[in-house]
Amino acid sequence: MSGIDETRTVAVRAQNVYKVFGRKPKEAVRRLQAGESREQVASLGTAAVIDASFDVHQGEIFVVMGLSGSGKSTLIRMLNGLWDSTAGSVSVFGTEIVGISDAELREVRRTNVSMVFQHFALLPHRTVLDNAAYALEIQGVGAAERRERAQRIVERVGLKGWEDKLPGELSGGMQQRVGLARALAADTDILLMDEAFSALDPLIRREMQEQLIELQQELGKTIIFITHDLNEAMFLGDRIAVMRDGRIVQVGTPDDILTDPANDYVAQFVQDVDRARVLTASGVMEPVRSVVQVSAGPRGALRVMRDLQTSAVFVVGHGRKLVGVAFDRDVLQQVRSGENDLMKVVRNDPATVTADQHLSELFEYSADSSLPIAVVDDNARLIGVVPRVTLLAALANQPSNTSELPVVEPPVTVPVDLITQTLRDTGGPTDDELAASEGSK
Ligand SMILES: Nc1ncnc2c1ncn2[C@@H]1O[C@H](COP(=O)(O)OP(=O)(O)OP(=O)(O)O)[C@@H](O)[C@H]1O
Ligand SMILES: [Mg+2]
């Protein structure tokens, strides 16, 4: 179990915090403190948070996980003073925020805590850049500096080129990037994120999670992240607090939670303490790199394999539907003989799984194939891949760049120079010409 590490700066400390909504909140708390249950005090009000105590260290990603109604949002809203606690203490970098004046609270929010919501909460008639700069405007930062700082953050979250669009012109994933940019632009030490990625498609969600970790490492933010998704909690959390019916039932590292669940509720949440049965393909899949359209033909396929140094490529048709796999030797042969139909060498039996399949079901596929496992949606569209190394790393709870695990992609079997030579000898556009034509699209 991870205890409180006194050597690290405490960003947020909650001590015996209660929140009761209803007629007689104080009385409800007194009775809860005297040992009565949530149900016993129900006539006095809803005990949304009961006796919560924890420290969040500076620079940590602290995840609060629990089923719907367990009190997560109520808890996080007390951490920035959006709601006052009914009892107990909340401090931010040592400053008690329960019961302080509105002015003092505004100052804490301005310098210390910003929030990212599930449903973006963007201003619809303002551009991406102005949305990102909004918090700075509130802070009274001048127009020029505001734009400059917002611009930097907008680029940092991958929205360069979209600065002048309105939120309605953006996809959900992009809107959430704007929400994130707005919180980051405020440049507070602490970010509160309430189900911030829950409305996103699995792969976009994964990208956002990865980016959040990157940003966290780069900017050293303290992040308190709420989710009811175990995959997400495990992926993001340095530590996880599990909530049930208003109470925090366990705080620990993902490993603590999985291997040493505090009670049956947590155990059930993590399903038999078996990662392979808890984590799903969507939770560990990665974007597909080695992929080509049928229409790109053998030359296109060969180029992708050469550039990515792989010996196989996923082939997709209209609407990104997976049609199969092509291997470098076959494709090279085609290019040499002037054959233009990639379909002739496509093998249509790659291992495919759906996003919600558990890792335990993925092993049988990975054992007998050197290819990553293809993840497809209900319409057979290729939405991601699970490289074997990722699968093993997920189970071992390791970062996937560890060197002791087997290789991700099948290694090249045909030398790169030979491929380049063949592409050149058989005519067609050169790489430079292709790059030029792609650039002008
Ligand atoms: N403003 C409110 N007034 C009365 N009851 C409330 C209020 N906000 C929340 N509650 C109740 O408090 C309990 C905890 O709600 P909360 O929104 O914190 O849960 P949650 O874990 O965030 O759930 P979800 O995953 O659905 O967002 C619920 O029983 C809810 O109905
Ligand atoms: Mg909530």
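In listed order, ligands and their atoms are each counted from 1.
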Exercise. Name the option, out of Ala47, Ser68, Ser73, Ser70, that contains the heavy atom nearest to atom 26 (O) of ligand 1.
Key: Ser68
Quiz item: Hey, is atom 22 (O) of ligand 1 under 4.0 Å from any protein heavy atom?
Solution: yes
Quiz item: Can a salt bridge be assigned to the pair Arg110 and Glu107 using a cut-off of 4.0 Å between side-chain N and carboxylate O?
Solution: yes
Quiz item: Which protein heavy atom lies closest to atom 29 (O) of ligand 1, and at what distance to 0.1 Å?
Solution: Thr46 CG2, 3.7 Å
Practice problem: Could you tell me whether some N/O pair between Gly71 and ligand 1 is separated by less than 3.5 angstrom? | Solution: yes
Quiz item: What residue and atom, counting heavy atoms only, is the protein's closest point to atom 1 (N) of ligand 1, and at what distance?
Solution: Phe21 CE2, 3.7 Å
Quiz item: Are side-chain heavy atoms of Val292 and Met305 found at a separation under 4.5 Å?
Solution: no
Quiz prompt | Verify atom 9 (C) of ligand 1: protein non-hydrogen atom under 4.0 angstrom away | solution = yes
Quiz item: Does any N, O or S atom in Ser73 come within less than 2.8 Å of the Mg ion (ligand 2)?
Solution: yes
Exercise. For Asn379, look at atom CG and say whether over 12 heavy atoms of other residues, nucleotides or ligands are found less than 6.0 Å away.
Key: yes
Quiz item: More than 12 heavy atoms of other residues, nucleotides or ligands under 6.0 Å from CZ of Phe235: is that the case?
Solution: yes
Quiz item: Would Lys321 and Asp377 pass as an ion pair if we require N to O under 4.0 Å?
Solution: no
Quiz item: Heavy atom under 4.0 Å from ligand 1: found in Leu67's side chain, backbone, both, or neither?
Solution: backbone
Quiz item: Which protein non-hydrogen atom lies closest to atom 18 (O) of ligand 1, naming both residue and atom, and how far is it?
Solution: Thr74 OG1, 2.6 Å
Quiz item: Between Phe21 and Trp83, what is the ring plane arrangement, given parallel below 30°, perpendicular above 60°, and tilted in between?
Solution: perpendicular
Quiz item: If you measure from the Lys or Arg side-chain nitrogens to the Asp or Glu carboxylate oxygens, is any gap between Arg177 and Glu207 under 4.0 Å?
Solution: yes
Exercise. Identify, for atom 25 (O) of ligand 1, the protein heavy atom at the shortest distance, and state residue, atom and that distance.
Key: Lys72 NZ, 2.8 Å
Practice problem: Ignoring angles and geometry beyond distance, decide whether Gly69 reaches within less than 3.5 Å of ligand 1 through its nitrogen or oxygen atoms. | Solution: yes
Quiz item: Quick one: do Glu214 and Arg156 make a salt bridge, cutoff under 4.0 Å?
Solution: yes
Practice problem: Examine Trp83 against ligand 1 and note whether any of their N/O atoms are separated by less than 3.5 Å. | Solution: no
Self-check item: Criterion side-chain hydrogen bond (donor to acceptor under 3.5 Å, both in side chains) against Asn112, the qualifying member of Thr188, Thr222, Asp189
Solution: Asp189
Quiz item: Which residue supplies the protein heavy atom nearest to atom 12 (O) of ligand 1, what is that atom called, and how far is it?
Solution: Ala48 CB, 3.3 Å
Quiz item: So is Gly66 in contact with ligand 1, going by heavy-atom distances below 4.0 Å?
Solution: no
